[in-house]
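Order of the sequence lines fixes the chain letters, A, B, ..., with proteins taken first and strands second; residue numbering starts at 1 for each chain. Computation of the quantities below employed the complete heavy-atom set of this structure, encompassing side-chain atoms and omitting hydrogens, waters and symmetry-equivalent molecules.
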Protein chains: 2
Amino acid sequence: MSLATAFGSAEESPGLLLWQVTNRWQAAQRAALRPFGLTHVQFVLLASLTYLQASDSPVTQRRLADHAATDPMMTSQVLRALESRGLLTRHPHPGDARARALAVTPEGRDVANRAVGAVESCDAAFFSALGPETPAFTAALRTLRNGCAASSG
Amino acid sequence: MSLATAFGSAEESPGLLLWQVTNRWQAAQRAALRPFGLTHVQFVLLASLTYLQASDSPVTQRRLADHAATDPMMTSQVLRALESRGLLTRHPHPGDARARALAVTPEGRDVANRAVGAVESCDAAFFSALGPETPAFTAALRTLRNGCAASSG
DNA sequence: CGCCTTTAGTATGCGCGCATACTATCGGGC
DNA sequence: GCCCGATAGTATGCGCGCATACTAAAGGCG
């Protein structure tokens with residue numbers, strides 16, 4: 001029976017393993033980011049915004065969501081939460097009344113920089129079990145991500 | 001700045017890639033399971049229960065949750081939803097008044113068997129981009145899963 | 001100008017994933 | 001028998017991830 005081989009022991013399906021590993025990784029991220037009062041998505045958006053803000057044009061929510069590969073709906077909600085905490089501002093966009101120009105506050109930049117260290121340590125510990133296979137694993141993930149993007153768009 | 005290298009382009013962090021790939025995989029699973037009226041977790045629990053039921057002792061929610069590596073709280077909620085759809089039963093456990101003895105109904109077994117085909121096709125298409133690297137990728141995932149289990153318990 | 005299509009952002013709702021806390025029962029010790 | 005820690009299962013609540021649908025504004029076109 002295919003049930004037993006594919007989903008009985010949960011050892012044969014790469015998808016199930018992917019799901020379980022990601023759940024564990026998110027739990028580790030949660031623990032690492034708890035001291036900063038940030039969730040995983042809040043951190044990703046804050047760090048991505050800090051990076052994108054180095055460019056010239058104002059950063060809109062749409063651009064940030066595209067860059068971080070997050071849902072626009074959730075991005076909106078998370079950004080409002082970050083704004084209420086004073087970590088970023090959402091001023092009106094100078095050239096587009098629909099859009100909002102995002103900007104990290106000094107406090108937000110400080111929190112992001114400190115959180116990066118914790119997240120990097122967390123990530124390094126999590127993937128340390130792979131050892132020298134880590135680059136190959138990362139390359140495989142990148143392949144899957146690009147393959148998904150190709151099939152869905 | 002570490003922000004740029006680690007989280008700016010979202011290309012260097014295996015954790016971020018893992019998260020994004022899993023989101024895409026779950027979206028594919030959702031689409032594949034939609035014709036059966038099942039979510040991903042509902043399918044995993046139903047298929048795992050179908051497998052576990054081949055053993056002698058009654059299957060409790062605890063045993064199913066441990067086997068599928070799902071949260072007991074969510075397991076309880078999902079199982080009640082599956083029971084209300086007539087895909088499984090939750091009789092009292094004969095030897096333990098606290099526990100419940102889970103049993104797949106014939107309809108549930110039929111749905112599970114048909115859904116397995118769709119999920120396997122979905123999984124095969126999703127990981128086809130890896131080609132011959134798939135076993136190495138699966139082995140890496142298994143290593144990470146075992147590493148997490150060791151560090152968390 | 002008015003009309004139409006596209007886009008930025010948001011309201012609402014559902015299910016996942018988990019933290020916290022609680023009830024009810026089991027099992028061991030006295 | 002009784003007490004007590006451990007266990008099975010559940011209630012409640014928060015944030016993620018996304019589907020659907022909506023408002024408001026931009027941009028093309030006559």
Side-chain angles (χ1 to χ4, degrees), chain A residues 16 19-31 33-34 37-46 57-85 90-102 148 152, chain B residues 16 18-31 33-34 37-45 57-85 90-102 148 152:
Chain A
L16 279 181
W19 170 57
Q20 294 174 354
V21 169
T22 300
N23 282 343
R24 298 294 184 181
W25 177 78
Q26 288 204 8
Q29 293 272 304
R30 241 191 316 275
L33 287 170
R34 188 164 302 158
L38 291 175
T39 67
H40 165 57
V41 178
Q42 286 175 354
F43 166 75
V44 169
L45 290 180
L46 190 60
S57 56
V59 181
T60 64
Q61 295 187 185
R62 180 65 166 175
R63 195 151 83 94
L64 180 61
D66 286 344
H67 179 78
T70 56
D71 180 64
M73 196 56 242
M74 181 187 48
T75 302
S76 171
Q77 189 171 351
V78 169
L79 289 179
R80 273 175 286 172
L82 291 175
E83 184 189 30
S84 71
R85 295 185 195 181
R90 282 161 69 246
H91 296 301
H93 191 286
D96 191 334
R98 300 170 302 175
R100 296 173 180 275
L102 305 175
C148 296
S152 68
Chain B
L16 279 182
L18 185 68
W19 171 57
Q20 294 174 354
V21 168
T22 300
N23 282 343
R24 299 294 183 181
W25 177 78
Q26 287 204 8
Q29 293 272 304
R30 242 192 315 274
L33 287 170
R34 187 165 303 157
L38 292 175
T39 66
H40 165 57
V41 178
Q42 286 175 354
F43 166 74
V44 170
L45 290 180
S57 57
V59 181
T60 64
Q61 296 187 185
R62 181 63 168 176
R63 194 151 83 95
L64 181 60
D66 286 344
H67 179 78
T70 54
D71 180 63
M73 199 52 244
M74 181 186 47
T75 302
S76 170
Q77 190 171 351
V78 169
L79 289 179
R80 272 176 287 171
L82 291 175
E83 184 190 31
S84 71
R85 294 185 196 182
R90 283 162 68 244
H91 297 299
H93 191 286
D96 191 334
R98 299 170 301 174
R100 296 172 180 274
L102 305 175
C148 296
S152 67

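The heavy-atom pair separating A/Ala68 from B/Gln20 by the smallest distance is O-NE2, 3.5 Å. Contact between B/Thr39 and B/Leu33 at its shortest, heavy atoms only, is O-CD1, 3.6 Å. Contact between A/Gln42 and A/Ala81 at its shortest, heavy atoms only, is NE2-CB, 4.2 Å.
Rounded to an integer number of Å, the gap from CG of B/Asp71 to C1' of D/dA8 is 14 Å. Atom CH2 in A/Trp25 sits roughly 13 Å away from atom C1' in D/dC16 (whole-Å rounding). Whole-Å rounding puts the A/Leu45 CG to D/dG15 P distance at 15 Å. In this structure, A/Gln29 atom CD and C/dG17 atom C1' are separated by 15 Å, rounded to whole Å. The nearest whole Å value for the distance from the NE2 atom in B/His93 to the C1' atom in C/dC26 is 12 Å. The CG atom of B/Asp66 sits 13 Å away from the C1' atom of D/dG9 (whole-angstrom rounding). The nearest whole Å value for the distance from the CD atom in A/Gln42 to the P atom in D/dG17 is 11 Å. Taking atom NE2 of residue B/His40 and atom C1' of nucleotide D/dA19, one finds them 19 Å apart after rounding to whole Å.
A sub-4.0 Å separation between OP1 or OP2 of D/dG9 and a side-chain N or O of B/Thr75 is absent. Here B/Ser76 does not reach the OP1 or OP2 of D/dA8: none of its side-chain N or O atoms lies under 4.0 Å away. Applying the 4.0 Å criterion to OP1 and OP2 of C/dG17, one finds that B/Gln26 has a side-chain N or O inside that range. In terms of phosphate contacts, B/Arg98 brings no side-chain nitrogen or oxygen within less than 4.0 Å of OP1 or OP2 of C/dC26. Neither OP1 nor OP2 of C/dG9 sits under 4.0 Å from any side-chain N or O of A/Arg63. Phosphate contact (OP1/OP2 of C/dG17, side-chain N/O of A/Trp19, threshold under 4.0 Å): present.
At the heavy-atom level, A/Asp96 lies under 4.0 Å from the strands shown only through sugar-phosphate atoms. A/Gln77 comes within contact range of no nucleotide atom at all, as no heavy-atom separation falls under 4.0 Å. Among the atoms of the strands shown, only primed sugar atoms or phosphate atoms (P, OP1, OP2) are found under 4.0 Å from some heavy atom of A/Thr60. Nucleic acid contact class of B/Arg90 (heavy atoms, under 4.0 Å, all strands): sugar-phosphate only.
At least one donor-acceptor pair under 3.5 Å links the side chain of A/Arg80 to the backbone N or O of A/Ser76.
Between A/His40 atom NE2 and B/Leu16 atom CG the span is 6.0 Å, to the nearest 0.5 Å.
For B/Gln61, the listed nucleotide lying nearest its side chain is D/dG9; candidates were D/dT12, D/dC18, D/dG9. For A/Arg100, taking side-chain heavy atoms from C-beta onward, the closest of the listed nucleotides C/dG9, C/dC26, D/dG9 is C/dG9. The A/Met73 side chain lies nearest to C/dA11 when the options are C/dG17, D/dG17, C/dA11.
Remark on DNA chain D: of its neighbouring residues A/Thr39 and B/Pro72, the 5'-side contact belongs to B/Pro72, judged by nearest-heavy-atom nucleotide. Mapping A/Arg80 and B/Thr70 onto DNA chain C by nearest heavy atom places A/Arg80 closer to the 5' end of the strand.
With a 6.0 Å radius and a threshold of 12 heavy atoms from other residues, nucleotides or ligands, B/Gln77 has its CD atom at or below the threshold.
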